[in-house]
Amino acid sequence: MSNRIREKVDICVVGAGHAGCEAALACARLGLKTVIFTVSVDSIALMPCNPNIGGTSKGHLVREVDALGGQMGKIIDKTFIQSKMLNISKGPAVHSLRAQADKAEYSREMRRTLEDQDNLMIKQGEVTDILTLEDIAHLDENNDVMPYEQTSDKPKAGGVRIYTGAIYECKAVILATGTYLNARCLCGEAITYTGPNGLQAATHLSDSLKKLGIGLRRFKTGTPARMDGRSLDYSRMQEQKGDERVIPFSYSTDPEDVQIDQVSCYLTYTNEETHDIIRANLDRSPIYAGVIEGTGPRYCPSIEDKVVKFPDKDRHQVFIEPEGLGTNEMYVGGMSSSLPEDVQLAMYRTVPGMENCRIVKNAYAIEYDCIDANCLYASLEFKNIEGLYAAGQFNGSSGYEEAAAQGIMAGINASRKVLGKDPIILDRSQGYIGVLIDDLVTKESREPYRMMTARAEYRLLLRQDNADIRLRPVGHDAGLVSDEEYEALINKKKLIDSEIERLHSTYIGTSKTVSDYLISRGSTPLKSGATLAEVLCRPEIDYLSMVKIDPDRPNLRYDIIKQVEIEIKYEGYISRQNKQVEQFKKTEGKLIPRETDYDDIKSLRTEARQKLKQLRPENVGQASRISGVSPADISVLLVYLGQHAR
């Protein structure tokens, strides 16, 4: 389509979901003229599925995005309606913050942030083509690409075309299309070719990507029905309240600002009657009728999948969660489905408290185009197209938090590319973001990827409570964390180190005060002197209660106290993991030149050679994590690299 409008910017971001918002904000805050495209401004930071941010391992990602200078944590702190720290009965490595959001207000607040950001322009319009620099050089006066012979071996992103025909020239492009690319929604026999929530799908860009040699695949996800809250009987459900003392997601949020009156969620369960209805109608489910082509998420299955794959379970949890303060809609967590509307209503009405429920929005499954992220470098740049980056569900991941984490890294690295700087790569020992991206770009994933604490080898070091200590310096180096925020971190670390040193060097005796305190805590009295740190190591002892035997202690903030307590109680385990990280760093530091000819390494097994040629790992550690590359292959590769270096 011809159009004579042609604008020049530094970076184009395609998609304004959680990945696109973080990417665009990062680019603009780093001083680059940025435009973010969306099929609808109403879809900016949309939560098309669950109305919450965080959760097990996902809370870690939100904290890390915030530590790097991102926005998600700040927005949820302003718009949450309930907050809870999960897994508090377990060790600190798996504690994760989760907050129910006012979905509409979250989206509005993020949109306001984008609108107020210098260097950032929002453009409603469907991107139909990614243009290379050579394409740009061969545009005629109507913005049509004239026929030409490609001369470069490796194309370079040079701009985008939108559906009206307007051209936006740029130096880097970030693809964050979410679940909109060639999307279709399925509810039983009814199929609509739309994106989530009935919004317009992006139907043209896939063809352009294929022309660039980018392979696409189909994934699917789903969402449960939304109910009219007035039709539910909460007395038949278990009330789920938030924490008495709320901990904010963002390190920039004043803890007193998040102490609000919270709303309740509710817990109920499916039963055998529910399951019988589902089994009797499986032939009407697009998933089991063969209508759906895409692969769904293993760790967030539909209720049909749960009933079929876990036939021994006589019930499944159902969480009833408010969508916001300005609506009666309630989200039915745990019961996503693609069954027909009449079957949905019948099965939902078997659940206690939902006998008279009225559906506002039907549950549906959504299929969409995405890529195999193995075609990306760890910087999230395409290996075969310079200056083209990808983030979020387009990369085959799932979840708002995973998307935001990739978005901020794509934004940082695209900006650094434009500014002539090396990319910032977080490794697996630095953060959950490092684990997430490394898994995506090196491992074979045949289903939407979900972050879990079990995926992080060094999770005791990568706790949600110390994300600022780990990643604030990286955010400061990147230019997204201010000098004031960085100075605050330095002072915090000094206070933590000073208090740990004081506890290790302060001895207490066997006085009656000490003995009475220990007995009151269910602990054994001392037989000889001990340091305060040694006493704190006891499982039944906590820092706050120790004031009875440590009255002269400094007055410290709660977040500092928690760091001190964890560092002392888990000192041995932390030391052990630090030694493991040292070994890990050795292999990560052995870089593999990008021009390495694996066909020249004769002793490599055929499978290993094929995988290494396909994935082009950037270092030996990354190569060792590729499926099909054995320890013996790594030994051969090390010998070759040694010879090559000489």
Side-chain angles (χ1 to χ4, degrees), residues 17-19 21-22 45-68 70-90 92-103 105-107 109-110 240-253 255 257-260 262-265 297 299-300 319 321-324 331 333-334 392-393 397-408 431-433 435-436 449-456 459 462-468 470-471 559 562:
H18 303 283
C21 288
E22 293 292 350
L46 180 71
M47 292 182 178
C49 194
N50 50 304
N52 56 67
I53 295 292
T56 301
S57 77
K58 293 169 177 280
H60 292 66
L61 289 172
V62 181
R63 278 287 180 87
E64 291 182 358
V65 168
D66 184 74
L68 289 168
Q71 196 65 26
M72 178 175 268
K74 296 179 177 66
I75 300 296
I76 188 60
D77 282 348
K78 290 182 179 180
T79 60
F80 79 97
I81 56 180
Q82 189 199 86
S83 181
K84 209 166 192 175
M85 185 68 76
L86 305 182
N87 304 323
I88 55 173
S89 63
K90 302 177 182 178
V94 295
H95 292 179
S96 291
L97 195 57
R98 182 180 188 269
Q100 293 296 131
D102 185 315
K103 289 171 68 165
E105 190 55 37
Y106 183 97
S107 180
E109 190 67 34
M110 184 66 84
Q240 308 281 301
K241 295 186 176 183
D243 290 340
E244 285 188 21
R245 178 73 183 176
V246 174
I247 296 174
F249 268 107
S250 176
Y251 293 99
S252 304
T253 300
D257 291 343
V258 293
Q259 309 310 317
I260 65 169
Q262 301 178 60
V263 301
S264 291
C265 298
Y299 300 103
C300 189
F319 292 95
E321 302 169 339
E323 295 261 295
Y331 176 87
Q393 287 188 262
S397 63
S398 67
Y400 313 144
E401 302 82 5
E402 289 91 337
Q406 294 169 67
I408 193 170
Y432 273 67
I433 295 177
V435 175
L436 164 67
Y449 178 96
R450 178 177 178 173
M451 192 70 242
M452 295 182 292
T453 52
R455 298 190 192 274
R459 54 187 171 273
L462 307 182
R463 306 183 308 276
Q464 58 87 30
D465 58 80
N466 69 355
D468 60 335
R470 291 184 281 113
L471 295 179
D559 60 326
K562 292 307 294 181

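Only a predicted model underlies this, so the values are computations on that prediction, with no experimental measurement involved. Positions are given from 1, in the same order as the sequence printed here.
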N/O donor-acceptor pair under 3.5 Å between [X] side chain and [Y] backbone:
X: Tyr400; Y: Ala45; result: no
X: Ser264; Y: Lys241; result: no
X: Gln259; Y: Arg245; result: no
X: Gln71; Y: Met110; result: no
X: Ser96; Y: Gly59; result: no
X: Glu64; Y: Ala467; result: no
X: Asn87; Y: Val94; result: yes
X: Glu401; Y: Val62; result: no
X: Glu22; Y: His18; result: no

Next item on the list: Would you sort out whether Ser57 and Tyr432 count as a side chain to side chain contact (heavy atoms under 4.5 Å, CB included), showing the intermediate values?
Entry: CA-CA 8 Å; Ser57 77; Tyr432 273 67; 3.9 Å; yes

At what distance, to the nearest 0.5 angstrom, does [atom1] of [X] lie from [atom2] of [Y]?
X: Arg450; Y: Ser397; atom1: CZ; atom2: OG; value: 12.0 Å
X: Asn50; Y: Lys103; atom1: CG; atom2: NZ; value: 7.5 Å
X: Ile247; Y: Gln464; atom1: CD1; atom2: CD; value: 7.0 Å
X: Asn52; Y: Tyr331; atom1: CG; atom2: OH; value: 7.5 Å
X: Ser89; Y: His95; atom1: OG; atom2: NE2; value: 7.5 Å
X: Leu436; Y: Arg455; atom1: CG; atom2: CZ; value: 9.0 Å

Margin query: Are more than 12 heavy atoms, taken from residues, nucleotides or ligands other than Ile88, located less than 6.0 Å from that residue's CD1 atom?
Written below: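 No, because the 6.0 Å sphere around CD1 of Ile88 holds 12 heavy atoms or fewer from other groups.
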
Notebook entry, point to check: Could Lys74 and Glu109 be called an ion pair, given the rule that one side-chain N must be under 4.0 Å from one carboxylate O?
Noted result: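 No salt bridge links Lys74 with Glu109.
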
Does any part of the side chain of [Y], heavy atoms only, come nearer than 4.5 Å to the side chain of [X], both counted from C-beta?
X: Arg470; Y: Arg463; value: no
X: Asp465; Y: Lys562; value: no
X: Gln100; Y: Val263; value: no
X: Ile53; Y: Phe80; value: no
X: Met72; Y: Ile408; value: no

Provide the closest heavy-atom pair for [X] versus [Y] in the form atom of the first, atom of the second, distance.
X: Val258; Y: Thr253; result: CG1-CG2, 3.8 Å
X: Glu321; Y: Arg98; result: OE2-NH2, 3.1 Å
X: Val435; Y: Tyr449; result: O-OH, 4.3 Å
X: Ile76; Y: Ala99; result: CG1-CB, 3.9 Å
X: Gly55; Y: Leu86; result: CA-CD1, 3.9 Å
X: Ile81; Y: Ile260; result: CA-CD1, 4.4 Å

Note to self: For a side chain to side chain contact (heavy atoms under 4.5 Å, CB included) check, start with the C-alpha distance between Phe249 and Asp66, then their side-chain angles and the critical distance, and finish with the verdict.
What the structure shows: CA-CA 8 Å; Phe249 268 107; Asp66 184 74; over 6 Å; no

Next item on the list: For side chain to side chain contact (heavy atoms under 4.5 Å, CB included), just list the numbers for Leu462 and His60, CA-CA rounded to whole Å, side-chain angles, deciding distance to a tenth of an Å, and then say yes or no.
Entry: CA-CA 8 Å; Leu462 307 182; His60 292 66; 5.6 Å; no

Item checked: Asp102 side chain to Thr79 side chain, donor-acceptor N/O pair below 3.5 angstrom ->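 The answer is no; no qualifying pair exists.
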
Next item on the list: Quick one: do Lys78 and Glu105 satisfy side chain to side chain contact (heavy atoms under 4.5 Å, CB included)? Show the steps, please.
Entry: CA-CA 9 Å; Lys78 290 182 179 180; Glu105 190 55 37; over 6 Å; no

Next item on the list: Identify, with sequence neighbours excluded, every residue that meets side-chain hydrogen bond (donor to acceptor under 3.5 Å, both in side chains) alongside Lys84.
Entry: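 side-chain hydrogen bond (donor to acceptor under 3.5 Å, both in side chains) check on Lys84 returns nothing, list empty.
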
Checklist line | Residue list, side chain to side chain contact (heavy atoms under 4.5 Å, CB included) with Ser107, at least two apart or on another chain | finding: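 Checked Ser107 against side chain to side chain contact (heavy atoms under 4.5 Å, CB included); zero matches.
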
